[in-house]
Amino acid sequence: MLRITEIKLPLDHPAAALRAAIVKRLGVADHELISYSVARRAVDARQPAIAFIYTMDAEVGDEAAILQRLKDERRISRVPDMSYRFVTRAPAGSVRRPVVIGTGPCGLFAGLLLAQMGFRPIVFDRGKSVRERTQDTWGLWRKSVLDPESNVQFGEGGAGTFFDGKRALAGN
Ligand SMILES: Cc1cc2nc3c(=O)[nH]c(=O)nc-3n(C[C@H](O)[C@H](O)[C@H](O)COP(=O)(O)OP(=O)(O)OC[C@H]3O[C@@H](n4cnc5c(N)ncnc54)[C@H](O)[C@@H]3O)c2cc1C
């Protein structure tokens, strides 16, 4: 799979323009492009013409030949291997269990990864279950009654339980 960066297209470009741009950049015939997908799309909002800037991943027949032919073209490379690799595996027969404190997004994810690595994590949280803390949290937000042990901060799911779905977590 090849990665092609900095493909600039107008905001109202037809869908077919992506394929055409890849074919042109790679210098291949249309039928040689087996498949493609958008890896990233950004907006260049500078005037005079606001445009999309794409990073595309493309599957073609003979990648090695294309890379060799375009070896001086810095905007074409192999798609980096971003697959996750576990840092370790649980030793066979291990009876020791890692402990995770907190069932917020980080604690739940840590527990998941540990389990996938073959450990048997124990995950603790000091707060209440989601159903109970939802009542407590509404109590704070609607009636200004704070339960210091069960609120938007403390309990199953952590603060993530009450976030409104925006995507800031991806950058945390
Ligand atoms: C009102 C609100 C709205 C938000 N909205 C968004 C949003 O829209 N988008 C977004 O991306 N982010 C949002 N956030 C931020 C997001 O929720 C946090 O970044 C995220 O929850 C942090 O995850 P965490 O696992 O590090 O910690 P937390 O979610 O805080 O989880 C920590 C957990 O540890 C537990 N804990 C703490 N001390 C102990 C202890 N001594 N023993 C046992 N357990 C303990 C707590 O009970 C809690 O469950 C929001 C946060 C709040 C408060």
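Just so it is clear, the values below take in all heavy atoms, side chains as well, and ignore hydrogens, waters and symmetry mates. Atoms within a ligand are numbered from 1 in the order they appear, just like the ligands themselves.
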J.: Evaluate A159 for polar contact with ligand 1, using N/O atom pairs at a separation under 3.5 Å.
T.: yes
J.: For ligand 1, which atoms, with element, lie under 4.0 Å from some heavy atom of Q153?
T.: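 Heavy-atom distances to Q153 below 4.0 Å select 46 (C), 47 (O), 48 (C).
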J.: Flag C106 as yes when one of its N or O atoms lies below 3.5 Å from any N or O atom of ligand 1, and as no otherwise.
T.: yes
J.: Which option out of P105, G102, G104, G157 puts a heavy atom nearest to atom 23 (O) of ligand 1?
T.: P105
J.: With rounding to the nearest 0.5 Å, note down the distance linking CZ in R75 to CG in L2.
T.: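 Here the interatomic distance stands at 14.0 Å.
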J.: Going by heavy atoms in the side chains, are R78 and L67 under 4.5 Å from each other?
T.: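 In contact.
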J.: May I ask you to decide if S77's main-chain N or O and R3's side chain share a donor-acceptor pair within less than 3.5 Å?
T.: no
J.: So how far is it from F109 CZ to T103 OG1, rounded to the nearest 0.5 Å?
T.: 15.5 Å
J.: V152 to ligand 1: N or O pair under 3.5 Å?
T.: no
J.: For R120, does the CZ atom have more than 12 heavy-atom neighbours from other residues, nucleotides or ligands under 6.0 Å away?
T.: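 At most 12 heavy atoms, drawn from other residues, nucleotides or ligands, come within 6.0 Å of this atom.
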J.: Quick check on contacts: which atoms of ligand 1 are under 4.0 angstrom from a heavy atom of I101?
T.: 40 (C), 42 (N), 43 (C), 44 (N)
J.: Report yes or no: do V60 and V79 belong to one cluster of Ile/Leu/Val/Met/Phe/Trp/Tyr joined by side chain heavy-atom distances under 4.5 Å?
T.: no
J.: Are any of the N/O atoms in G127 less than 3.5 Å from those in ligand 1?
T.: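 It does not: no N or O of G127 is found under 3.5 Å from an N or O of ligand 1.
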J.: Hey, is ligand 1 close enough to W141 that some N/O pair sits below 3.5 Å?
T.: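 Such a contact does not occur with ligand 1.
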J.: Is the side chain of T161 donor-acceptor paired with the backbone N or O of E156 at a distance under 3.5 Å, no angle test?
T.: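 It does hold such a pair.
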J.: Assess whether atom CZ of R97 is packed by more than 12 heavy atoms of other residues, nucleotides or ligands within 6.0 Å.
T.: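 Result for CZ/R97: enclosed.
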J.: Please identify which atoms of ligand 1 are closer than 4.0 Å to at least one heavy atom of G158.
T.: 29 (O), 31 (O), 48 (C), 49 (O)
J.: Less than 3.5 Å between some nitrogen or oxygen of G155 and one of ligand 1, yes or no?
T.: yes
J.: What do you reckon, does D125 have a nitrogen or oxygen under 3.5 Å from a nitrogen or oxygen of ligand 1?
T.: yes
J.: Out of all atoms in ligand 1, which are within 4.0 Å of some heavy atom of G160? Include the element for each.
T.: 17 (O), 21 (O), 29 (O)
